[in-house]
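All values reported here derive from a predicted model rather than from experimental measurement.
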Amino acid sequence: MVEAVRKVFVDLYNEGLIYRDKRLVNWDPHFQTAISDLEVEPREVKGQYWHLRYPLADGVTYEHPVFDEEGEPAGTERRDYIVVATSRPETMLGDTGVAVHPDDERYKSLVGKFVTLPIVGRRIPIVADEYPDMEKGSGAVKITPAHDFNDFEVGKRAGLEVMNILTSVAAIVDGDEADTAGIPQRYRGLDRFEAREAVLADFEDAELMHEIEKLKIEQPFGDRSGVVIEPWLTDQWYVNAKELAKDAIKAVREGETRFVPTNWEKTYYNWMEDIQPWCISRQLWWGHRIPVWYGPMLDRGRYVSTAERKVFVAKTWDDAKALAENDPDYEGVRVNLDESPLQMPHTGTMHTVEERPRDVYLVQDEDVLDTWFSSGLWPFSTMGWPNKTPELDAFYPGAVLVTAFDIIFFWVARMMMQGIKFMDGKAPFKDVYIHALVLDEKGQKMSKSKGNVVDPLELVDEYGADALRFFLARQATQGRNIRMSTQGVEGYRNFATKIWNAAKFCQMNEVQFGQGIDPSTIKHPTNKWVIGELVRAQAAVADAIAAYRFNDAADANYRFIWNVYCDWYVELIKPLLGGDDEALKAETRLVAGWVFDEMLKALHPFMPYLTEELWGKLAEARDGFLMLERWSDFGPEYQDAEADAELDWMLDFISEVRGVRGTLNVPAGAKPSLAIIGANENTKARLARHGDVIKRRARLEEITLSDAMPDGAVSLVLGEATLGLQVADLIDLAEEKSRLGKEIEKLEKDIAGIEKKLANEKFVSRAPPEIIEEQHTRKADAEAAIDKLRGAATQLASLLG
RNA sequence: GGUCGAUUAGCUCAGCGGUAGAGCACUGCAUUGACAUUGCAGGGGUCACAAGUUCAAUCCUUGUAUCGACCA
């Protein structure tokens with residue numbers, strides 16, 4: 001790891017992609033280190049804008065427009081000062097200019113003139129620059145290049161001096177720097193906030209305080225220290241991220257690396273295309289120490305008069321020493337390592353003497369690297385790079401990186417840049433899956449300071465790890481965050497219990513686990529159907545996982561297990577397992593067990609503990625872990641359309657009867673008889689096969705074939721047949737009349753809608769034929785059903801008298 | 001200011017150019033054979049608003065509003 005980090009640093013340095021530069025950094029005065037833009041948290045806080053009067057130098061005056069109480073223009077007044085607005089008055093000690101917008105009519109005459117900076121008495125120019133906002137404050141801004149990022153840029157454009165007035169702990173400077181800036185003695189060493197009070201008091205005393213405006217201001221805070229960050233001028237090491245970003249952008253543009261969901265690509269581009277030089281040095285005690293050694297500046301063995309130092313960048317001290325010894329400037333001198341005491345390289349100065357030293361001492365940079373500099377090497381440094389290893393061959397590039405969106409900049413972007421750079425242009429992963437953030441119940445980000453953190457371990461204790469995991473998967477819709485909900489987790493605890501109980505049922509019924517099946521030998525439609533359902537569900541799970549749609553995968557599992565296997569299949573096979581057809585019993589035990597086993601496989605990624613446990617317990621002598629099982633590929637022989645149609649019919653039959661019973665409040669204990677009118681041969685055959693099961697599930701006394709609707713029977717339509725549920729003595733016939741009325745009304749509405757559509761010439765001529773066909777079918781079905789229901793209504797009416 | 005996302009049942013959220021879905025909550029019924037951590041049934045939605053495209057829009061386009069996140 002150390003080797004990888006040093007190699008990357010040295011290589012990038014030698015290519016000119018790492019360099020040392022004096023720039024403004026985000027300085028954390030608490031931890032006394034530079035931090036990256038990403039570690040700065042802008043917060044809106046209550047603040048003030050102080051409007052300060054800067055006296056114009058050389059007796060200059062100008063006319064400034066004034067307004068009356070209604071805000072109407074009221075002429076001008078002659079001023080011998082210019083007003084600047086600031087939220088940080090103490091920085092005025094370092095002001096080296098005042099800027100106004102070139103289009104600002106008010107100040108046009110002042111550009112090129114000077115002001116006398118109060119307190120320090122410095123003469124500074126008024127310059128024109130696009131930066132000031134004419135609408136904000138007075139329209140004129142003070143420029144402090146050493147202590148503000150915008151001002152730094154303005155200063156650069158206008159050629160203003162850069163004057164540092166703060167120390168590393170954000171106190172006013174003392175000594176030489178203070179002398180240069182002309183800072184009065186009483187200010188020196190004051191903390192920045194004390195200095196602010198002092199400056200304000202001085203302005204008040206000098207009657208230069210123009211106005212105080214209260215408003216909300218954005219202030220930068222260190223995300224770890226929580227103190228106000230100070231833009232500060234220092235020497236730091238930078239990576240030319242702009243250059244490295246080029247190929248990293250290209251890799252995503254060309255589809256070598258794909259973001260899932262894809263909309264994050266835009267976020268990635270936005271940041272990468274506007275990337276700033278990456279400050280990688282940190283003034284911390286932990287981390288990878290920067291592999292740079294500094295020595296005195298010599299010219300062919302002689303000291304030269306400069307404060308600069310010679311820089312040797314190398315992987316080790318030995319290499320650095322060799323570099324120095326071979327340097328013509330170090331000709332004839334002995335190179336030694338100076339281990340202490342060390343000077344902070346960004347503040348230190350070196351002696352300059354006109355002589356030929358016998359020994360020079362090199363000192364290693366005290367700073368360490370930004371943690372993301374080494375983390376960015378993770379995809380290959382963990383595989384043994386820079387050595388060539390089998391692991392590196394096998395696992396670079398990786399298939400998928402799973403992470404949260406807030407890590408795209410910190411980590412993903414750096415891995416992309418460094419991976420492509422050092423791994424022959426190959427991006428470190430094919431897919432980047434950006435997962436949801438887990439928020440609290442109200443949709444707020446969890447944080448310690450808010451006290452809304454939900455401890456996953458507590459949820460695991462209460463509901464189980466599988467329930468929590470399944471809940472998260474079920475909620476993990478692409479592009480949306482997850483709101484934590486204990487109630488939701490509880491629901492999946494119940495799901496786990498349900499599975500456990502289904503297993504118990506199977507065991508009690510001597511279901512055979514751990515056996516294969518040959519679908520061609522399975523005879524009973526219910527068994528054929530459940531095999532088909534399992535296969536379809538498993539395919540749905542597999543497809544969803546492949547598409548990173550984990551919610552759909554979890555959902556497909558949930559539905560199959562609860563709604564198909566438990567709610568229907570288990571109920572449907574109870575009569576079979578309790579019957580006396582031994583061959584059918586054996587077949588059902590085999591199928592029930594096989595389907596259960598396959599179900600465990602499909603569910604395993606979502607509920608690993610429960611499924612592994614059941615897998616091991618249900619069958620004796622299974623070879624190994626469920627975790628290691630492969631999912632099977634099921635061919636068409638596992639599907640049977642005929643069986644599916646038959647079961648659909650049966651399930652409809654039962655549901656329809658249950659629905660009517662519910663609507664008409666037929667007591668659950670009552671077992672009415674049912675007559676079927678107009679059944680075709682197919683229906684009769686199905687009835688022969690499933691009559692017993694239907695009776696049991698729909699709670700019917702008997703099912704008979706009939707030519708006519710028995711008196712007082714409630715009609716419902718099932719395919720070509722009409723079912724007559726004989727409940728006249730159990731229900732309120734008026735209820736039934738109203739039910740029929742509602743059904744008929746609904747169908748009439750449907751039919752009217754379809755007819756309107758079909759009467760629309762444009763629809764008939766332009767819609768695809770299958771859509772038109774579908775409308776015809778729907779209409780015919782609805783008409784057939786409505787006929788039967790109208791017949792029933794007439795009959796009922798006569799019965800009611 | 002820029003970018004992205006959201007707006008669908010009381011709540012949390014799926015979904016889709018052609019019949020609006022789930023879970024929870026709610027209502028009614030059911031309890032001696034897997035499971036009350038349950039079963040069966042039911043009520044409940046102008047799919048934010050406006051315009052456009054289309055034979056057809058909750059879905060596509062544009063705009064508006066509100067909310068959220070990220071960046072500046």
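In this structure, A:Y558 atom OH and B:G23 atom P are separated by 6 Å, rounded to whole Å. Note: CD (A:Q444) to C1' (B:G68) measures 10 Å, nearest angstrom. The separation between A:R559 atom CZ and B:G15 atom C1' is 11 Å, rounded to whole Å. For the pair A:N665 CG and B:G43 P, the computed distance is 12 Å after rounding to whole Å. In this structure, A:E490 atom CD and B:G23 atom C1' are separated by 13 Å, rounded to whole Å. Between the CG atom of A:N551 and the P atom of B:G23 there is a distance of 15 Å, rounded to whole Å. Summarising the geometry, the separation between CZ on A:R778 and C1' on B:A56 is reported as 13 Å, rounded to the nearest angstrom. B:C70 atom P lies 10 Å from atom CG of A:N481, rounded to whole Å.
Nucleotide B:U32 forms no Watson-Crick or G-U wobble pair with any nucleotide shown, as no partner meets the under 3.5 Å limit on both distances. Pairing for B:G52 goes to B:C60, judged as Watson-Crick or G-U wobble with the two contacts each under 3.5 Å. Judged by Watson-Crick or G-U wobble contacts below 3.5 Å, the nucleotide B:A14 has no partner. Across every strand in view, B:C26 sits in a pair with B:G42 that passes the Watson-Crick or G-U test at under 3.5 angstrom. When Watson-Crick and G-U wobble pairs are counted only if both distances are under 3.5 Å, B:U3 pairs with B:A69. Across all strands shown, B:U19 forms no Watson-Crick or G-U wobble pair with both key distances under 3.5 Å. Taking a pair to require two hydrogen-bonding distances under 3.5 Å in either a Watson-Crick or a G-U wobble arrangement, B:C47 remains unpaired.
Listed nucleotides B:G18, B:A34, B:C70 differ in distance to A:I771; the shortest reach to its side chain belongs to B:G18. In this structure, the nucleotide among B:U38, B:A14, B:A25 sitting nearest to the side chain of A:K498 is B:U38. In the set B:U19, B:C40, B:A34, B:A34 carries the atom at the smallest distance from any side-chain atom of A:N501. Closest approach to the A:K504 side chain among B:C35, B:A30, B:G18 is made by B:C35 (side chain taken as heavy atoms from C-beta onward). For A:K445, whose side chain is taken as the heavy atoms from C-beta onward, the closest listed nucleotide among B:A34, B:C40, B:C70 is B:C70. The side chain of A:D567 approaches B:C40 more closely than any other nucleotide in the set B:C71, B:C40, B:A30.
Between A:R549 and B:G15 there is a side-chain N or O to OP1 or OP2 distance below 4.0 Å. Close to B:U19, at under 4.0 Å from its OP1 or OP2, lies no side-chain N or O of A:K746. Taking only side-chain nitrogens and oxygens, A:N494 comes nearer than 4.0 Å to OP1 or OP2 of B:U38. A close approach under 4.0 Å does not occur between any side-chain nitrogen or oxygen of A:W271 and OP1 or OP2 of B:G2. Checking the phosphate oxygens (OP1, OP2) of B:C13, a side-chain nitrogen or oxygen of A:R483 falls inside 4.0 Å.
Cation-pi contact between A:R253 and A:Y269: present, with separation from the ring centre below 6.0 Å and deviation from the ring axis of at most 45°. Relative to the ring axis of A:Y463, A:R493 does not place its NZ or CZ within 45° and under 6.0 Å from the centre. A:W568 does not carry A:R697 over the face of its six-membered ring by the limits of under 6.0 Å from the centre and within 45° of the normal. Both cation-pi conditions hold for A:R23 and A:Y238: the charged atom is under 6.0 angstrom from the six-membered ring centre and inside a 45 degree cone around its axis.
Within residues 755-767 of chain A, the residues approaching RNA chain B are A:K757, A:N760, A:K762, A:F763, A:R766, A:A767, by heavy-atom distance under 4.0 Å.
At least one side-chain heavy atom of A:T257 sits less than 4.5 Å from a side-chain heavy atom of A:M416. Residues A:M607 and A:R469 form no side-chain contact, since every pair of their non-hydrogen atoms from C-beta on lies 4.5 Å or further apart.
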Pairs: protein N or O with nucleotides 3-5 of chain B N or O, under 3.5 Å:
from : atom 1 : to     : atom 2 : distance (Å)
B:U3 : O2'    : A:N270 : ND2    : 3.3
B:C4 : OP1    : A:K266 : NZ     : 3.0

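Side-chain atoms of A:E265 come within 3.5 Å of backbone N or O of A:F259 as a donor-acceptor pair.
Comparing B:G28 with B:U64, their P atoms are spaced 48 Å from each other, to the whole Å. Rounded to a whole angstrom, the distance from the C1' atom of B:G15 to that of B:G21 is 7 Å. Comparing the C1' positions of B:A41 and B:A56 gives a spacing of 35 Å, expressed to the nearest Å. To the nearest whole angstrom, the two C1' atoms, one in B:G68 and one in B:A22, are 24 Å apart. The same atom, C1', is picked in B:A6 and in B:U12; the two are 14 Å apart, to the nearest Å. Taking atom P on both B:G52 and B:C13, the two are 33 Å apart, rounded to the nearest angstrom.
Ring orientation note: the planes of A:Y492 and A:Y558 are nearly perpendicular, at an angle over 60° on the 30°/60° scale.
Considering A:F410, A:W264, A:F409 in turn, A:F409 is the only one that fulfils the ring-ring contact (aromatic ring centres under 6.0 Å, His included) rule with A:W271.
The closest side-chain donor-acceptor pair between A:N527 and A:Y569 falls under 3.5 angstrom. Residues A:D597 and A:W615 bring no donor and acceptor atom of their side chains to less than 3.5 Å of each other.
Where A:Q475 and A:D555 each meet RNA chain B at their nearest nucleotide, the meeting point lying more 5' is that of A:Q475. If you find the closest nucleotide of RNA chain B to A:F409 and to A:Y565, the one lying nearer the 5' end belongs to A:Y565.
At the heavy-atom level, A:P42 lies nowhere under 4.0 Å from the strands shown.
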Show your working on side chain to side chain contact (heavy atoms under 4.5 Å, CB included) between A:W411 and A:L401 and close with a plain yes or no.
CA-CA 11 Å; A:W411 198 30; A:L401 175 80; 4.1 Å; yes

